[in-house]
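Please read these numbers as outputs of a predicted model, since none were measured by experiment.
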Amino acid sequence: ESETQVSGSLRIATVTMADTLAKVPDVEIDPEGTFKYILVRITVKDGSVHKDIVRGTKSAEYHNHIFDKVNPAMEALGMECKCLGGGKIEHNSQDKKLRVFGESTAFGKADHAVSAEKLKSAFSDYEITWSDDKK
């Protein structure tokens, strides 16, 4: 009988973490300009449930500055973070265009195709392009 209770509470915990994961926005980027971005995999601690998120901002001089902000925020939610790479995003809100390119010296190049897909889900009415060029 006690075994059932244990697995029951464990299941509830997993669902809650999946919910927490779902609540984390896939994309948080500056509304305008060209800036550094990173692709981060967040995983439920001691679990396999994960998703990849895009974070980018002009206020970050280096890619690790973005990670240093994201990591503690995610850890507070019970998530583990791993940076999958970085690059740059050019956000032209007037023309509704997003361009993903470049790479991070510290983290290497993110899979821009994955990042572009994430951006498409957040900016469905935008034209989104990506390239593996440095500029």
I need the minimum non-hydrogen distance between [X] and [Y], along with the two atoms involved.
X	Y	value
E61	H65	N-ND1, 3.5 Å
N92	Y126	O-CE2, 4.0 Å
H112	W130	CB-CE3, 3.6 Å
F35	G56	CD1-C, 3.6 Å

Indicate every side-chain donor-acceptor pair of residues 77-90 with a distance under 3.5 Å to a residue at least two apart or in another chain.
residue, atom, partner, partner atom, Å
E90, OE1, R99, NE, 3.2

task: Mind running side-chain contact (heavy atoms from CB on, under 4.5 Å) on F123 and I29 for me, showing each step along the way?
output: CA-CA 11 Å; F123 297 89; I29 59 168; 3.7 Å; yes
- request: Before giving the answer on side-chain contact (heavy atoms from CB on, under 4.5 Å), spell out for K118 and I53 the whole-Å C-alpha distance, their side-chain angles and the decisive distance to 0.1 Å.
  value: CA-CA 7 Å; K118 293 279 166 191; I53 59 172; over 6 Å; no
Short side-chain to backbone donor-acceptor contact, [X] and [Y], under 3.5 Å:
X	Y	answer
H91	D30	yes
H50	S48	yes
K51	L21	yes
K69	A60	no
K58	E32	yes

query: Charged N to carboxylate O under 4.0 angstrom, D125 versus K96?
result: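 A salt bridge is present here (some side-chain N lies under 4.0 Å from a carboxylate O).
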Gap separating the [atom1] atom of [X] from the [atom2] atom of [Y], nearest 0.5 angstrom:
X	Y	atom1	atom2	result
Y37	L119	OH	CG	7.5 Å
Y62	I38	OH	CD1	16.0 Å
D26	S115	CG	OG	11.5 Å
E127	K97	CD	NZ	4.5 Å
D111	E117	CG	CD	10.0 Å
I42	E75	CD1	CD	12.0 Å

Under 4.5 Å between side-chain heavy atoms, counting indirect links through other Ile/Leu/Val/Met/Phe/Trp/Tyr residues: same cluster for [X] and [Y] or not?
X	Y	result
I66	V27	no
M74	V44	yes
I128	F101	no
V24	L39	no

field: Verdict with supporting geometry, V40 and F107, side-chain contact (heavy atoms from CB on, under 4.5 Å)
entry: CA-CA 10 Å; V40 180; F107 298 119; over 6 Å; no
- request: Flag yes if more than 12 heavy atoms outside K45 fall under 6.0 Å of its NZ atom; otherwise flag no.
  value: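 Counting neighbours around NZ of K45, more than 12 heavy atoms of other residues, nucleotides or ligands fall under 6.0 Å, so yes.
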